[in-house]
*Asks:* 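Dropping the structure in here first, questions after.
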Protein chains: 2
Amino acid sequence: MSYANDMPTVEKVARTDAGLAAELRLGVMRLRRRLAGERHPDNELSLNQMGVLGVLARRGELTVGELAAAEKVQPPSMTRTVNCLEESGDVVKSPHPTDGRQVVVGLSDQGRDRVLADRARRDAWLAQRLRELTPEERAVLRQAAPILDRLAQQD
Amino acid sequence: MSYANDMPTVEKVARTDAGLAAELRLGVMRLRRRLAGERHPDNELSLNQMGVLGVLARRGELTVGELAAAEKVQPPSMTRTVNCLEESGDVVKSPHPTDGRQVVVGLSDQGRDRVLADRARRDAWLAQRLRELTPEERAVLRQAAPILDRLAQQD
DNA sequence: GCGGAATAGTTAGCAGAGGTAATGAGTTAT
DNA sequence: ATAACTCATTACCTCTGCTAACTATTCCGC
């Protein structure tokens, strides 16, 4: 564990909750920025679009509202993302069978293909970095990932 | 450890590096989104501005280029953020003593006051959530925070 | 059954934060 | 002295999020 030595940016000040909050915030913001930047030319889908396709791949067809809740965005934002995905032919919108207000969104065949191919490329950078970590560090992140997501899910 | 049960969004698929990458990406993106939203009215500084003030508070005066590198953004983006902070009186720009091309950015007294006051408010939401975790979970995040930041730092 | 409240989605408009390309000013090297 | 490079800035564009306002549909109370 020598990584703290050459890291002037994040010192070991995460002792208090406030300190941990600050460190976590910085790390999350920077990592997300890097992730957004690591979008090769062959990957025409944005991070958000990939996120939506990923949720659809995991959970099957969902309504716009459910997608918005899952991704923790407001409905209008999800409408835009879904419209964009529909235009590119990756998702299909269909009317809800019993409730005429709702719209059901599902993956198209193209979208299903794409989510696999693009996910591999999309996560290549991060997966490569993960591979460069020690097994212990990976274990920490493996435990941390669901906690992070849970933090994001809370009201 | 029962949290995985009521979390359909993030299953325990983070066994492979690719799976971990995907989970981590989702968690980071969602948490960052929540963080950006949790900005009370009395907090007039944006997340990025806070980030820059935080770096200056830790590392002292830096040039625009160094700040851009630290926050992993392109120089023009940092110029804009710094200009905004200068306008609000939180940082001071001064010419580099030996190199006329560079611009040195430092915290003003007001900025130094503000970084303390606002950081407390800014992290209140996250700190509160952290307090609701178990000590073990906090320990995981405490280990994870520097790893996340290190992932973001890598070329 | 019908009229008002609630809900789902959309549209319109705005702000923040990021990027690239081109420019200007200053420094370094030939 | 001039050519080449570096740092910061300017100009412009994109993406992604938000709120507010509107439409369409459903649900509820009478």
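A quick note: this is a predicted structure, and the numbers were derived from the prediction, not measured. In the text below, chain A, chain B and the rest are named by the order of the sequence lines, each starting its count at 1.
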*Asks:* Please collect all salt bridge (charged side-chain N to carboxylate O under 4.0 Å, His left out) contacts where either partner lies in residues 96-109 of chain B, sequence neighbours excluded, each pair once.
*Replies:*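 Sorted pair list: B:Asp99-B:Arg101.
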*Asks:* Among pairs that include at least one residue of residues 81-93 of chain B, which meet salt bridge (charged side-chain N to carboxylate O under 4.0 Å, His left out), considering only residues two or more places apart or in two chains?
*Replies:* B:Asp90-B:Arg114
*Asks:* Compute whether any side-chain donor of one residue and acceptor of the other, for B:Asn48 and B:Arg80, lie under 3.5 angstrom apart.
*Replies:* no
*Asks:* Calculate, to the nearest 0.5 Å, the distance between atoms CG and CE belonging to B:Leu35 and A:Met29 respectively.
*Replies:* 8.0 Å
*Asks:* With sequence neighbours left out, write down each residue that passes side-chain contact (heavy atoms from CB on, under 4.5 Å) with A:Ala139, or none if nothing qualifies.
*Replies:* none
*Asks:* Can you measure B:Gln49 atom CD to C:dA17 atom P for me and round it to whole angstrom units?
*Replies:*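 The distance from CD of B:Gln49 to P of C:dA17 comes to 6 Å, rounded to the nearest Å.
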*Asks:* Between A:Gly100 and B:Lys93, just flag the one whose closest nucleotide in DNA chain D comes earlier from the 5' side.
*Replies:*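 The residue mapped nearer the 5' terminus is B:Lys93.
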*Asks:* What integer distance in Å separates A:His96:NE2 from D:dT25:P?
*Replies:* 15 Å
*Asks:* Under 3.5 Å, which protein N or O atoms sit close to an N or O of nucleotides 28-30 of chain C? Give each pair with its distance.
*Replies:*
none

*Asks:* Supply the atom-to-atom distance A:Leu133 CG to A:Gln128 CD, rounded to the nearest 0.5 angstrom.
*Replies:*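 Taking CG in A:Leu133 and CD in A:Gln128, the distance rounds to 10.5 Å.
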*Asks:* Less than 4.0 angstrom between a side-chain N/O of B:Arg33 and OP1 or OP2 of D:dT16, yes or no?
*Replies:* no
*Asks:* Any residue in residues 73-86 of chain A with a heavy atom nearer than 4.0 angstrom to DNA chain D? Just list them by number, or reply none.
*Replies:* A:Val73, A:Gln74, A:Pro76, A:Ser77, A:Arg80
*Asks:* Using only side-chain N and O atoms of B:Asn48, determine if any of them is under 4.0 Å from OP1 or OP2 of C:dG18.
*Replies:*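 Yes, such a contact exists.
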*Asks:* Testing the 3.5 Å rule here: is there a donor-acceptor pair between the side chains of B:Glu136 and B:Thr134?
*Replies:* yes
*Asks:* Measure across A:Leu20 and B:Ala145 and return the closest heavy-atom pair with its distance rounded to 0.1 Å.
*Replies:*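 Closest approach of A:Leu20 to B:Ala145: CD1-CB, 4.5 Å.
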*Asks:* Specify the residues of residues 61-68 of chain B, ordered by number, for which at least one heavy atom lies under 4.0 angstrom from an atom of DNA chain D.
*Replies:*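 The stretch gives B:Thr63, B:Val64, B:Gly65 as the residues lying under 4.0 Å from the strand, ordered by number.
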*Asks:* Let me spell it out: for each of A:Gln102 and B:Thr98, pick the nucleotide of DNA chain C with the closest heavy atom. Which residue's pick is nearer the 5' end?
*Replies:*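 Mapping each residue to its closest nucleotide by heavy atoms, the 5'-most match is A:Gln102.
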*Asks:* Determine whether B:Leu148 and A:Leu26 make a side-chain contact, defined as any pair of heavy atoms from C-beta on separated by less than 4.5 Å.
*Replies:*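 Of all side-chain heavy-atom pairs linking A:Leu26 with B:Leu148, none is under 4.5 Å.
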